[in-house]
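Working notes for the structure below.
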Amino acid sequence: LRPNLDFRGFAGTVASGVIRRGDRVMSLPSGRTSEVDRILSPDGDIAEAFPPMAVTVTLKDEIDASRGDMLVHPNNLPHLATEFEAMLVWMHEEPAKIGGTYTVKQTTKVVPAALSELRYTVDVNTMRKSEESGEEPELVLNAIGRVRLTLHRPLAFDAYQRNPQTGSFVLIDRITNATVAAGMIIDRVAARAEGEEPQPVSRHINIESTLVSAADRQKLLRQRGVTLWLTGLSGSGKSTIARALEQRLIANGHACYILDGDNIRHGLNRDLGFSAEDRAENIRRIAEVARLFNEAGIIAITAFISPYRKDRAHAREIIGDSEFKEIYLDTSLEICESRDPKGLYKKARAGEIQHFTGISDPYEAPEQPEIRLSGQENSVERSVEIIEAQLKAEGVLLD
């Protein structure tokens, strides 16, 4: 609410818990935090609010929040994800389309989504699941089924059993705007066997081969397509070395391209935050893009913090062990923080940035990188020389 330049309030309904003046709160999905300044009701200022009161909250900091965003206690967070499982009651004459796109309306939030999987249906007369009877599940009028929904943007939610207000939703047909189902969220994400990868939402798709071999591309470009995965703390020199390396390789007639962390988050990964789950998805998408570059014979240079070993191992698995070259910028936190080119460490120390690697989130250094570069001992030029020499020694760069 902005009735004038001196007032910015957030109007909504208290869904659970108690909110008081002076409470620290977090806005989701942005992750920005602030402190409650005032709580206004139809009767004026009040000291606290609880369900199902409708109130207006003002904060001590300027935070942007859109319709459907949540104010939550930082120590009691709902899930924030792009996927969940739910029990659906189908309410439309047309059966559910697996792989079809719908709109999820949860609280006042509206998010496009795909009905990516129907795990089973339940017979309301016998309470038997379709998987027990061996029947092919189908969601028709008045049927109940367990489904997996994949969202186009992150959504903050709880399991229905924990919080019915944030764990319930309706499903809307995007063409007719008809409400086709009502649902209760039961899990954070789809249940899978350990190590099992999520399957594509699209059905009836096949991987097509090319008539051009890797040897043909290597002969044409005088190089082998690989990914140079630069990892290290913010300020360790990743982007600086990546740009200098790209310039050197291009000057020597080699095709390469930088995939920079900030640039990628402006486009391909702009829907992702910095939670552990979002960081993992960020790395997965980049690895898939880098693999395509490598298949085209291009050298991909990535400059990402990529703090977790398991995510970098997953990227290596996607790209291929022989094509993945991990380059660790071994620069101390003290040196990185003293550089702080974007002022991020200062903001992280002040609590303005959540999930900041090296301050509030861990960095897991590589144990056996292909190349280790000391940010204290090597200049940018020397670092580039070391990488280029290694690529020539391994036969990646051909004369």
- Query: Quick one: do Ile327 and Ile258 end up in the same hydrophobic cluster if we chain Ile, Leu, Val, Met, Phe, Trp and Tyr together by side-chain heavy atoms under 4.5 Å apart?
  - Reply: yes
- Message: Quick one, Val122 and Tyr120 - any side-chain contact, counting heavy atoms below 4.5 Å?
- Response: yes
- Task: List the steps and the verdict of salt bridge (charged side-chain N to carboxylate O under 4.0 Å, His left out) for Arg148 and Glu85.
- Result: CA-CA 4 Å; Arg148 176 167 60 93; Glu85 284 199 2; 5.5 Å; no
- Message: Would the distance check show the side chain of Lys310 and the main-chain N or O of Arg312 forming a donor-acceptor pair, the cut-off being under 3.5 Å?
- Response: no
- Task: Before accepting this row, confirm whether a basic side-chain N of the pair Glu394/Lys392 lies closer than 4.0 Å to the acidic partner's carboxylate O.
- Result: no
- Query: Salt-bridged, Glu337 to Arg349, with N to O below 4.0 Å?
  - Reply: yes
- Message: Starting from Ile299, can I reach Leu230 by hopping between I/L/V/M/F/W/Y residues whose side chains sit under 4.5 Å apart?
- Response: yes
- Task: Please indicate whether Gln161 has more than 12 foreign heavy atoms, meaning atoms of other residues, nucleotides or ligands, lying under 6.0 Å from its CD.
- Result: no
- Check: Thr357/Arg279 side-chain N/O donor and acceptor closer than 3.5 Å: yes
- Could you grab the distance from atom CD1 of Ile359 to atom CG of Leu344, nearest 0.5 Å is fine? 10.5 Å
- Message: Once rounded to the nearest 0.5 Å, what's the spacing between atom CD of Glu323 and atom CD of Glu295?
- Response: 9.0 Å
- Derivation and outcome, side chain to side chain contact (heavy atoms under 4.5 Å, CB included), residues Leu171 and Trp90: CA-CA 9 Å; Leu171 209 60; Trp90 198 254; 4.1 Å; yes
- Message: Using 0.5 Å steps for rounding, measure from the CG atom of Asp173 to the NZ atom of Lys97.
- Response: 7.0 Å
- Item | side chain to side chain contact (heavy atoms under 4.5 Å, CB included) evaluation trace for Phe7 with Arg38 | CA-CA 11 Å; Phe7 185 91; Arg38 299 171 62 192; 4.2 Å; yes
- Before giving the answer on side chain to side chain contact (heavy atoms under 4.5 Å, CB included), spell out for Leu77 and Met26 the whole-Å C-alpha distance, their side-chain angles and the decisive distance to 0.1 Å. CA-CA 9 Å; Leu77 299 177; Met26 177 184 290; 3.9 Å; yes
- Message: Looking at every non-hydrogen atom in both residues, tell me the closest pair between Arg372 and Pro366 and how far apart they are.
- Response: NH2-O, 3.7 Å
- Task: Verify whether one side chain among Asn163 and Ser16 offers a donor that lies under 3.5 Å from an acceptor in the other.
- Result: yes
- Val170 with Ile144, same ILVMFWY side-chain cluster at under 4.5 Å: no
- Residues Asp45, Arg21; criterion salt bridge (charged side-chain N to carboxylate O under 4.0 Å, His left out); working and verdict: CA-CA 10 Å; Asp45 282 47; Arg21 286 200 302 262; 5.2 Å; no
- Item | CG-CG distance between Asp64 and Asp69, expressed to the nearest 0.5 angstrom | 10.0 Å
- Side chains of Asn378 and Ser383: is there a donor and an acceptor less than 3.5 Å apart? no
- Judged by modelled atom types alone, do Asp260 and Ser239 share a side-chain donor-acceptor pair under 3.5 Å? yes
- Query: Checking ring-ring contact (aromatic ring centres under 6.0 Å, His included) against Phe169, which of Phe157, Phe84, Tyr160 comes through?
  - Reply: Phe84
- Going by the side-chain contact (heavy atoms from CB on, under 4.5 Å) test, name the single residue among Ile283, Leu268, Ile318 that passes it with Glu288. Ile318
- Joint cluster assignment, Ile371 & Phe324, ILVMFWY side-chain distance < 4.5 Å: no
- Query: What closest approach, in Å, do Thr13 and Pro52 show between heavy atoms, and which atom pair accounts for it?
  - Reply: CG2-O, 3.8 Å
- Query: Looking only at side chains, do Asn252 and Glu388 share a donor and an acceptor under 3.5 Å apart?
  - Reply: yes
- Message: Could you check whether atom CZ of Arg67 has more than 12 heavy atoms from other residues, nucleotides or ligands sitting under 6.0 Å from it?
- Response: no
- Check step by step if salt bridge (charged side-chain N to carboxylate O under 4.0 Å, His left out) holds for Glu246 and Arg243. CA-CA 5 Å; Glu246 180 188 44; Arg243 289 195 296 268; over 6 Å; no
- Below 4.0 angstrom, N of the basic side chain to O of the carboxylate: do Arg316 and Glu370 qualify? yes
- Task: Return yes if a side-chain donor-acceptor contact under 3.5 Å exists between Ser374 and Asp330, otherwise no.
- Result: no
- Message: Testing the basics here: between Leu333 and Gly358, what is the closest heavy-atom pair and its distance to 0.1 Å?
- Response: CD2-O, 3.7 Å
- Message: Evaluate Thr227 against Lys325 for side chain to side chain contact (heavy atoms under 4.5 Å, CB included), listing each step before the verdict.
- Response: CA-CA 6 Å; Thr227 295; Lys325 311 296 180 184; over 6 Å; no
- Query: Between Val36 and Leu40, is there a shared hydrophobic cluster once you connect ILVMFWY residues whose side-chain heavy atoms come closer than 4.5 Å?
  - Reply: no
- Student check: side-chain heavy atoms of Leu391 and Leu397 closer than 4.5 Å: yes
- Hey, are the side chains of Ile286 and Asn269 touching, using non-hydrogen atoms and a 4.5 Å cut-off? yes
- Message: Please give me the minimum heavy-atom distance between Ala143 and Glu138, naming the atom from each residue.
- Response: CB-O, 4.3 Å
- Query: Do Thr150 and Ser116 meet the criterion of a side-chain donor-acceptor pair at a distance under 3.5 Å?
  - Reply: yes
- Item | Thr302 and Leu228, any side-chain heavy atoms less than 4.5 Å apart | no
- Message: Please verify the inter-ring angle class for Tyr345 with Phe356; under 30° counts as parallel, over 60° as perpendicular, anything in between as tilted.
- Response: perpendicular
- Message: Has Tyr257 got a side-chain atom pairing as donor or acceptor with Phe293's backbone, closer than 3.5 angstrom?
- Response: no
- Item | Any donor-acceptor pair under 3.5 Å from Asn76 side chain to His73 backbone | no
- Query: Just wondering, do His254 and Leu221 contact through their side chains at under 4.5 Å, heavy atoms?
  - Reply: no
- Query: Just by modelled atom types, is the Ser27 backbone N or O under 3.5 Å from a matching donor or acceptor in the Ser30 side chain?
  - Reply: yes
- Item | Donor-acceptor pair between Thr231 and Tyr363 side chains, under 3.5 angstrom | yes
- Query: If you take all heavy atoms of Gly145 and Leu139, which pair is closest and at what distance?
  - Reply: N-CD2, 3.7 Å
- Minimum heavy-atom distance between Leu151 and Ala113, given as atom pair plus value: CD2-CB, 3.5 Å
- Can you find a pair of side-chain heavy atoms, one from Glu385 and one from Arg248, that are under 4.5 Å apart? yes
- Message: Main chain of His266, side chain of Asn263: is a donor-acceptor contact present, judged purely on distance under 3.5 Å?
- Response: no
- Message: So, taking the atom named CG in Leu155 and the one named CD in Glu83, what distance separates them when rounded to the nearest 0.5 Å?
- Response: 12.5 Å
- Find out whether Glu48 and Ile19 are in side-chain contact, i.e. whether some heavy atom of one side chain is under 4.5 Å from a heavy atom of the other. no
- Message: For the CG atom of Asp311 and the CG atom of Asn282, what is their distance to the nearest 0.5 Å?
- Response: 9.0 Å
- Query: Taking C-beta and beyond as the side chain, do Gln106 and Thr166 meet within less than 4.5 Å on heavy atoms?
  - Reply: yes
- Query: Judged by atom type as modelled, is there a donor-acceptor pair below 3.5 Å linking the side chain of Arg222 to the main-chain atoms of Leu398?
  - Reply: yes
- Message: Does Gln247, at its CD atom, have more than 12 non-hydrogen atoms belonging to other residues, nucleotides or ligands within less than 6.0 Å?
- Response: no
